[in-house]
Amino acid sequence: MATTVTRLAPSPTGHLHLGHAWSFLCTWALARAHGWSIRLRLEDLDASRASADARLDALWCLQWLGVDWDGDPELQSEHVDRHQRAMQGLAARGLVFEAPHSRAQVRAASEHAAEPNEANAPNEGDAVLRFPPSLRPPPGDSWSFQNTACNHRFACPAGPRTIQDQLHGDRTLDPSLVWGDPLVWMKSGVPSYQLAVVVDDLAAGVTDVVRGEDLLDSAVLQSVLIDALGGACPRWWHLPLVVDEHGRRLAKRHDALSLRSLAAAGATPGRVRRLVLHWCGAAELGGESSPAELASAVAPDALRSLVATEARLRVTPDIVHWLCHGP
Ligand code: GLU
């Protein structure tokens, strides 16, 4: 069995778009070129946004792109017992507490707390509500995990923390200044993203996390949670993001750039793979590319040089036209 394991972790809350295609094709290519195993985990904990339709869309997109994986897909929502056990472990170490505060209460207390300085600011767009330690309960019953219908937070240790990213190098920030005490359990009875991702990656033996650089700062917080759970940090690979012609990161509003819409308009998986090769500096736009070509062209050095030159992976109307109609 492969001892190096990566994962694909789509959130089935909408249609997958070209940004997902870039990140999943890079993950797949790195894995297949180096003999890593690939797990597929559908991150469907947000019951208000996850849907069966989006789950099917994610599976369809991966197959359409030529991305395969090893073993059965896992639904994150089927493993809440695992997340509960992790919470019990943290509670036994006195690291989590009940936090029934409303957002307004947190915001008011946060305004009186020190602002994170620029070096500690999260990425643009990652607006986080910082929970200041002044709101922690006094020692006692609230430092437990009994009532799973109550928000719980993790007492984040103060101080700078550094992770090594395979593409970005060292990343240092003080998570307590960015997040304060982050939410780890939600009153809806499920873990927060930050806890769930760490627990599930540890359970799956993930050694290499490949994903968009919008989560680079979160990786620093996740490394603290991994320590608290007694796990080992994976290697991190945070990829540059795909942006639209105005430089905005692709999101739900870009439904025309969803893989479903593009395929309906005539785009082929071979051209999407070719675009990935093009972004890696390995091919002109023109023909189509096979999965095997991708596996040899998406190399760590090519990705590093994209990061070093702060290259923008831009989807212009010309590119969309070519994807749908060919040269
Ligand atoms: N499910 C998350 C997303 O689609 C990715 C989480 C991760 O890779 O850590 O944004």
Side-chain angles (χ1 to χ4, degrees), residues 5-28 30-31 36 38-51 54-59 61-62 65 67 69 73-79 83 86 122-128 163 165-168 171 175 179 182-184 186 190-226 229 231 233-243 249-254 257-259 303:
V5 181
T6 189
R7 51 31 167 218
L8 306 162
S11 294
T13 55
H15 292 150
L16 299 193
H17 52 58
L18 276 177
H20 298 107
W22 155 250
S23 133
F24 295 148
L25 285 168
C26 286
T27 308
W28 180 88
L30 285 170
W36 308 348
I38 305 176
R39 311 298 304 264
L40 172 59
R41 180 175 71 235
L42 296 162
E43 302 209 316
D44 62 340
L45 284 175
D46 183 349
S48 63
R49 292 169 63 228
S51 70
R55 237 168 28 225
L56 290 174
D57 178 77
L59 294 173
C61 287
L62 292 170
L65 289 168
V67 167
W69 56 89
E74 179 172 298
L75 282 186
Q76 203 165 34
S77 60
E78 288 179 352
H79 296 279
H83 307 125
N123 284 345
E124 200 192 338
D126 270 0
V128 282
I163 58 158
D165 184 86
Q166 298 300 307
L167 306 179
H168 290 258
R171 180 73 166 184
W179 285 270
L183 197 61
V184 280
M186 302 194 287
V190 293
S192 70
Y193 157 70
Q194 301 288 6
L195 182 75
V197 74
V198 157
V199 169
D200 289 337
D201 282 346
L202 288 174
V206 169
T207 58
D208 287 72
V209 168
V210 187
R211 61 187 180 187
E213 67 188 12
D214 53 327
L215 290 169
L216 179 57
D217 288 350
S218 281
V220 182
L221 172 61
Q222 289 166 13
S223 75
V224 176
L225 287 168
I226 291 170
L229 291 163
C233 264
R235 294 193 298 174
W236 311 98
W237 306 72
H238 286 92
L239 301 163
L241 298 180
V242 176
V243 297
R249 181 172 134 196
L250 296 197
K252 295 259 155 51
R253 63 176 170 263
H254 295 96
L257 300 179
S258 75
L259 299 179
L303 295 173

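If you're wondering where the values come from, they're calculated on a predicted model, not measured in any experiment. First listed ligand is number 1; within each ligand, the first listed atom is number 1. Position 1 is the first residue of the sequence, and the numbers go up from there.
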side-chain contact (heavy atoms from CB on, under 4.5 Å) evaluation trace for Gln194 with Trp179: CA-CA 11 Å; Gln194 301 288 6; Trp179 285 270; 4.0 Å; yes

Thr6 side chain vs Ala31 backbone, donor-acceptor pair below 3.5 Å: no

Plane angle bin for His238 and His168 - parallel if under 30°, tilted between 30 and 60°, otherwise perpendicular: perpendicular

Derivation of the side-chain contact (heavy atoms from CB on, under 4.5 Å) call for Val197 and Leu215: CA-CA 12 Å; Val197 74; Leu215 290 169; over 6 Å; no

Ile38, Thr27, Val209 screened by side chain to side chain contact (heavy atoms under 4.5 Å, CB included) with Arg7, the one that passes: Val209

With a cut-off of 3.5 Å and sequence neighbours excluded, list every side-chain donor-acceptor pair involving residues 9-18.
residue: Thr13; atom: OG1; partner: Lys252; partner atom: NZ; Å: 3.4
residue: His17; atom: ND1; partner: Gly19; partner atom: N; Å: 3.0

Near ligand 1, at a heavy-atom separation below 4.0 Å: residues by chain and residue number: Arg7, Ala9, Ser11, Glu43, Tyr193, Val197, Arg211, Leu215

